[in-house]
Amino acid sequence: MALTVLPHRDELGIGDGRLFIDGEWVEGSGPEPWEHTHPATNESVASFLPARPADVDRAVKAARRRFDDGSWASWKARDRKKLLQRIAELIADNGEELDRIQTLDNGMPLSFASIYQVSHQIAADIFDYHAGWVDRLAGETLPTYTGGDAMYLTLREPVGVVGAVIPWNAPLMLFAQKVAPALAAGCTVVLKPSEYASFVVIRLTELLEEAGVPAGVFNLVLGTGPETGEALITHPGVDKLTFTGSRAVGKRILQAAAEGIKRVSLELGGKSPNIVFPDVDLDSTAASLMGMVSMGLSGQGCVCHTRALVHASIYDEMIDKCAAMAAMCVLGDPFDPATTSGPLINARQLERVTGYIAKGSEEGARLVVGGDRPGGDLAAGNFVNPTLFADVDNDMTIAREEIFGPVLAVIPFSDEDEAIRIANDTDYGLGASVQTSDVKRALRVAKAVRSGTFGINGYTVMPNAPFGGYKTSGLGREGGREGIDPFLETKTVVVALGDSLF
Ligand code: NAD
């Protein structure tokens, strides 16, 4: 029987999507429905009517009203904390269903849904973690600088209405990374998910409603970037933009922020290096090098380490081991527990990735395995086989641009200085790693490489650790203390204790 995901849609009860504005589920007023086609089969799964600018305007005005009337921002810390904890519980309790809807959205193999950074569990933990900030968002008391009878205080206040835009690849985690700190800080939110992963975000919104988030505090607008997204990022009623997605759209978000002098945070793409020294176990290192770009979302992750910098003394052996690892990947039905690797999100991305693979060969890299597409039952989907390029020069296009597909570029180096130079020779700076058993070398390299996160013999993301990019990989951080700061303003209050301050 040909591959189909429709029985899963029916079992999950997924119907057509609606917007959530001011506590009501409403249809978008877009004239044409957006049809969600599944990336593994290109079957039509479900649809929604997109939000037009008038719908976005209503959502922003609802968020604005709720923020400006002060009723949400002034919630007792105890109640706000409990609300965030309740959201965390509901996400955990409904975790299996959320993982399955995510797979119905973006084709991520269910076998991969237990990987922490894309799981429902990290989404629950991010809400739980931010519940812990609610009663700790304190200002300071400052000494008088010039003397005089006065006191200076700082107050931390919510930044206002937040316009959040997220991509399709990790909607559970990224929804939480935007919404949890915003609610913890006392902001109101209008969120636009990717048109390629809306249904899991609809379910998350239902859970927020069930948890008791007041009307107008969280609003969901569905639609495409150019229409719904533009209406949100340019709306004068939005105080802060928070965006995760591509560098190209990130630039547009920055322009819109500049136009309205809005606060802005950007989490963008990467071309992360993984530096491999000879003093490691080669089998497990090859598994993680190739696995990171070929398993799960097939390299469609912002911090996938897509440049492997391998010491010359182990280079040939590592190429052979990575090729063997690629052969172990199982592409197929993302709902089948045996499947390790999913499809590319859409036809445009399929064309882009195959274009980069062609360019790699044209520019002289050696294609070791992959580069082609599976046939049979998988031919109707957007699958590309795990692809390994050896003898890559860091100036080649496949070493410089984010491909967002299952493509590993392996680059040889001869010493630590050269490895650091190649690692830093990029416009990006999201993630990087080193594999070595020499602790001094590991820390030297960690200090020398310019990236927002760095892994030593392993890499993951945690709710309490800041995550974000150097260089063109972004602006600001999510997670940890630095993740909540961008949702706050600081007000300085001067108190004259005597007759006059002057
Ligand atoms: P994308 O930039 O195409 O789209 C992201 C979101 O922006 C979507 O919701 C889209 O509809 C919206 N959008 C597009 N044009 C817009 C506009 N003009 N105005 C407002 N919104 C607009 O990215 P994608 O394909 O969904 O996701 C892949 C990208 O996301 C990759 O570059 C990846 O590296 C990046 N990413 C980064 C992180 C991170 O934390 N740094 C995490 C995940 C993904």
Side-chain angles (χ1 to χ4, degrees), residues 34 36 39 48 50-51 53 56 105-106 108 117-118 122 126 163-178 190-198 200-201 220-235 238 241-257 259-260 262 264-272 293 296-306 344-350 352-353 382 401-405 427-431 451-453 461 465-479 483:
W34 170 267
H36 174 54
F48 57 79
V56 174
D105 269 337
N106 68 12
M108 186 173 77
Q117 51 271 49
V118 289
I122 194 171
I126 290 169
V165 179
I166 60 174
W168 59 268
N169 66 340
L172 286 169
M173 177 211 188
L174 296 170
F175 177 93
Q177 286 287 42
K178 310 292 184 215
V190 180
L191 180 135
K192 193 200 89 64
S194 166
E195 52 274 41
Y196 297 99
S198 296
V200 72
V201 176
L220 174 69
V221 290
L222 308 174
T224 61
E227 184 161 44
T228 312
E230 281 288 332
L232 179 57
I233 64 173
T234 56
H235 199 294
V238 173
L241 298 174
T242 174
F243 171 77
T244 298
S246 63
R247 192 167 63 176
V249 178
K251 280 187 191 168
R252 171 66 201 121
I253 304 282
L254 203 49
Q255 283 165 352
E259 200 56 45
K262 298 180 194 303
V264 61
S265 309
L266 302 174
E267 291 285 350
L268 308 177
K271 193 72 201 176
S272 303
V293 302
L297 282 168
S298 285
Q300 299 168 103
C302 55
V303 283
C304 285
H305 290 31
T306 51
L344 302 180
I345 190 68
N346 53 34
R348 185 168 41 108
Q349 188 58 14
L350 176 62
R352 215 175 108 89
V353 170
N382 311 322
E401 295 185 15
E402 185 184 52
I403 298 175
F404 233 54
D427 296 335
Y428 288 108
L430 192 59
S451 65
T453 54
V461 177
F467 178 88
Y470 279 30
K471 306 196 239 178
T472 64
S473 286
L475 276 182
R477 296 291 179 270
E478 289 181 339

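Remember, it's 1-based here, ligands and their atoms both numbered in the order they're listed.
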*Please step through side chain to side chain donor-acceptor pair (under 3.5 Å) for the pair Lys178 and Ser265, ending with a clear verdict.*
CA-CA 10 Å; Lys178 310 292 184 215; Ser265 309; over 6 Å; no
Check: every ligand 1 N/O to protein N/O pair under 3.5 Å:
residue	atom	partner	partner atom	Å
ligand 1	2 (O)	Ser246	N	2.8
ligand 1	2 (O)	Ser246	OG	2.6
ligand 1	9 (O)	Ile166	O	2.8
ligand 1	9 (O)	Lys192	NZ	3.1
ligand 1	11 (O)	Lys192	NZ	2.8
ligand 1	11 (O)	Glu195	OE1	2.7
ligand 1	11 (O)	Gly225	N	3.3
ligand 1	18 (N)	Glu230	OE2	2.8
ligand 1	25 (O)	Trp168	NE1	3.2
ligand 1	30 (O)	Gly245	O	3.4
ligand 1	32 (O)	Glu402	OE1	2.7
ligand 1	34 (O)	Glu402	OE2	2.6
ligand 1	41 (N)	Glu267	OE1	3.4
ligand 1	41 (N)	Leu268	N	3.4
ligand 1	41 (N)	Leu268	O	2.7

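Between Lys192 and Glu195, at least one side-chain nitrogen of the basic residue sits less than 4.0 Å from a carboxylate oxygen of the acidic one, meeting the salt-bridge criterion.
Phe404 is linked by a ring-ring contact (aromatic ring centres under 6.0 Å, His included) to nothing, counting only residues two or more places apart in sequence or in another chain. The side chain to side chain donor-acceptor pair (under 3.5 Å) check on Thr234 picks up nothing, with sequence neighbours excluded.
Ser473 places a side-chain N or O within donor-acceptor distance of the main-chain N or O of Gly269, the cut-off being under 3.5 Å.
Screening residues 224-233 for salt bridge (charged side-chain N to carboxylate O under 4.0 Å, His left out) gives Arg52-Glu227, Glu230-Arg252 as the qualifying pairs, with residues at least two apart or on separate chains.
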